[in-house]
Amino acid sequence: MSGLIALVDRYFDAAPRPDADAVEAGAFTLFVSRTPWGYYARPSLNGDRPIESTDLDLVAAACQKHGVDLSLEWVHETRPELRKLAEAYGLSCESHTLMVATAEQVRAQVIPGVTFRVAGPDDDALLVGRAVAEVSFGFGGTAVGEPGAAERDAALSRISPEMTEHLRYRASSGLTNTVVAETAQEGVVAAGSYQPMGSVAEVLAVATLPSARRGGIAAALTARLAQHAHDAGVERVVLSAQDDDVVRVYERAGFTAVGTVHAAERQES
């Protein structure tokens, strides 16, 4: 395992801890959320033996005890044996490309007619950005589509008071930093965030309204997020890309592929 992969793996272990209780279960650490967000189990950092099916039994039992779904996330290079074990256990697995950028690699871009800014804890754009993500991820992919401002505003009306409180808390505490992209005609058309822990931060939930896609906004927004993180003292910014199209978006922002991350969960019957 390379030093970079080990550094990223330590970050993924640290990131859930401010909002979750860490429960040791066999070779896994289960993060039981105290917030509206759900978390997952991942291989414990101190594990020094191959993971076995009995470890999956133990983490499944811990999930049942704490009333959470069995969900695993891990970096392939740290536990290459786990994907086959998870699939044999009946879990559905997805793989994403793990990418990293340093300050020197990030390529800033200017998009005519689009402005980028940080959405603070008291800024309504923080909630609008969350609504953009709901619309974007509901449509999927990177293709242009019809959903736009009207669907975003409808999603905004559905955000619960609990989620609103949580988003504002994360922003005020510095645990999550959000950047939005706006146009004069539509307002917020894209949003994304990063979560810093020490010298590493992860970019998450970069989303563009389908009606505003294919204009370079996602790559420019990702670069702004990475720049903001680097300006705050972060040395490396990581993210995961769900497919080759998304990989190309992040490459335009200066990110390079360094590994693979997996997610596994029970298939719905």
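Since this is a predicted model, take the numbers as computed values, not measurements. Only heavy atoms go into these numbers, but all of them, side chains included; no hydrogens, no water, no symmetry mates.
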Is [Y] reachable from [X] through a run of hydrophobic residues whose side-chain heavy atoms are each under 4.5 Å from the next?
{"X": "Tyr39", "Y": "Tyr169", "result": "no"}
{"X": "Leu82", "Y": "Phe31", "result": "no"}
{"X": "Leu204", "Y": "Leu225", "result": "no"}
{"X": "Val249", "Y": "Val180", "result": "yes"}
{"X": "Val203", "Y": "Val8", "result": "no"}

Residues 91-103, side-chain donor-acceptor partners within the protein, below 3.5 Å, at least two apart:
from   : atom 1 : to     : atom 2 : distance (Å)
Ser95  : OG     : Arg83  : NH1    : 2.3
Ser95  : OG     : His262 : ND1    : 2.8
Thr102 : OG1    : Glu104 : OE1    : 3.3
Thr102 : OG1    : Gln105 : OE1    : 3.3

Locate the shortest heavy-atom distance separating [X] from [Y]; write the atom from each residue and the value.
{"X": "Ile159", "Y": "Ala131", "value": "CD1-N, 4.2 Å"}
{"X": "Ile111", "Y": "Ala220", "value": "CG1-CB, 3.8 Å"}
{"X": "Ala201", "Y": "Ala229", "value": "CB-CB, 4.4 Å"}
{"X": "Ala60", "Y": "Arg266", "value": "CB-NH2, 4.1 Å"}
{"X": "Ile51", "Y": "Ala27", "value": "CG1-CB, 3.9 Å"}
{"X": "Ala191", "Y": "Val132", "value": "N-CG1, 4.3 Å"}

I need the [X] [atom1] to [Y] [atom2] distance, nearest 0.5 Å.
{"X": "Thr35", "Y": "Met163", "atom1": "OG1", "atom2": "CE", "value": "7.5 Å"}
{"X": "Met197", "Y": "Arg17", "atom1": "CE", "atom2": "CZ", "value": "10.0 Å"}
{"X": "Thr29", "Y": "Asn46", "atom1": "OG1", "atom2": "CG", "value": "7.0 Å"}
{"X": "Leu58", "Y": "Glu52", "atom1": "CG", "atom2": "CD", "value": "10.5 Å"}
{"X": "Leu167", "Y": "Leu126", "atom1": "CG", "atom2": "CG", "value": "5.5 Å"}
{"X": "Thr222", "Y": "Phe255", "atom1": "OG1", "atom2": "CZ", "value": "6.5 Å"}

Check whether more than 12 heavy atoms from other residues, nucleotides or ligands sit under 6.0 Å from atom CD of Gln64, and answer yes or no.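 Atom CD in Gln64 is not packed in, count stays at 12 or less.
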Using a 6.0 Å cut-off, check whether atom CD of Glu165 has over 12 heavy atoms from anything other than its own residue.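 Counting other residues, nucleotides and ligands, CD of Glu165 stays at 12 neighbours or fewer.
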Taking the side chain from Arg107 and the backbone from Glu251, do they hold a donor-acceptor pair closer than 3.5 Å? yes
Taking Glu151 for its side chain and Gly148 for its backbone only, find out whether a donor-acceptor pair lies under 3.5 Å.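 Yes; at least one donor-acceptor contact below 3.5 Å.
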May I have the step-by-step check of side chain to side chain contact (heavy atoms under 4.5 Å, CB included) for Val114 and Glu182, ending in yes or no? CA-CA 6 Å; Val114 180; Glu182 298 173 306; over 6 Å; no
Mind checking ring pair (Phe, Tyr, Trp, His ring centres under 6.0 Å) for Tyr194 and listing every partner two or more places apart, or none if nothing turns up? His228
Given Leu7 and Ser2, is the side chain to side chain contact (heavy atoms under 4.5 Å, CB included) satisfied, shown in steps? CA-CA 9 Å; Leu7 177 68; Ser2 72; over 6 Å; no
Kindly state each residue pair satisfying salt bridge (charged side-chain N to carboxylate O under 4.0 Å, His left out) with at least one member in residues 38-51, sequence neighbours excluded. Asp9-Arg42, Arg49-Asp55
Would you tabulate the side-chain donor-acceptor contacts of residues 207-218 under 3.5 Å, counting partners in other chains and residues two or more places apart, or write 'none'?
from   : atom 1 : to     : atom 2 : distance (Å)
Ser211 : OG     : Pro147 : O      : 3.4
Arg213 : NE     : Thr208 : O      : 3.4
Arg213 : NH1    : Gly140 : O      : 3.1
Arg213 : NH1    : Ala143 : O      : 2.9
Arg213 : NH2    : Ser136 : O      : 3.1
Arg213 : NH2    : Ser136 : OG     : 3.1
Arg214 : NE     : Thr142 : O      : 3.0
Arg214 : NH2    : Thr142 : OG1    : 3.4

Does any non-hydrogen side-chain atom of [Y] lie less than 4.5 Å from one of [X]?
{"X": "Trp74", "Y": "Val261", "result": "no"}
{"X": "Leu72", "Y": "Leu70", "result": "yes"}
{"X": "Leu85", "Y": "Leu56", "result": "yes"}
{"X": "Cys63", "Y": "Asp69", "result": "no"}
{"X": "Gln195", "Y": "Asn177", "result": "no"}
{"X": "Glu202", "Y": "Tyr11", "result": "yes"}
{"X": "Thr260", "Y": "Val75", "result": "no"}
{"X": "Val68", "Y": "Tyr40", "result": "no"}

Distance-only donor-acceptor check, side chains Tyr89 and Asp57, under 3.5 Å: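 There is such a pair between these side chains.
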Regarding Ser193 and Thr176, do their side chains bring together a donor and an acceptor under 3.5 Å, going by distance alone? no
Answer yes when Arg34 and Asp21 have at least one side-chain N-carboxylate O distance shorter than 4.0 Å, and no when they do not. yes
Is it true that Glu134 and Arg152 have a side-chain N and a carboxylate O under 4.0 angstrom from each other? no
Before you tell me yes or no, could you show the steps for Arg10 and Val200 under side chain to side chain contact (heavy atoms under 4.5 Å, CB included), namely the whole-Å CA-CA distance, both residues' side-chain angles and the distance that decides it to 0.1 Å? CA-CA 9 Å; Arg10 289 195 296 273; Val200 180; over 6 Å; no
Hey, could you give me each pair passing ring pair (Phe, Tyr, Trp, His ring centres under 6.0 Å) that has a residue in residues 98-137? Not counting sequence neighbours. none
Table please: side-chain donor-acceptor pairs of residues 231-246 below 3.5 Å, with sequence neighbours left out.
from   : atom 1 : to     : atom 2 : distance (Å)
Asp243 : OD1    : Asp245 : N      : 3.1
Asp243 : OD1    : Val246 : N      : 2.9
Asp245 : OD1    : Arg248 : NH2    : 2.4

Begin from the C-alpha positions of Ser44 and Glu24 and carry the test side chain to side chain donor-acceptor pair (under 3.5 Å) through to its verdict. CA-CA 8 Å; Ser44 299; Glu24 299 302 319; 3.0 Å; yes
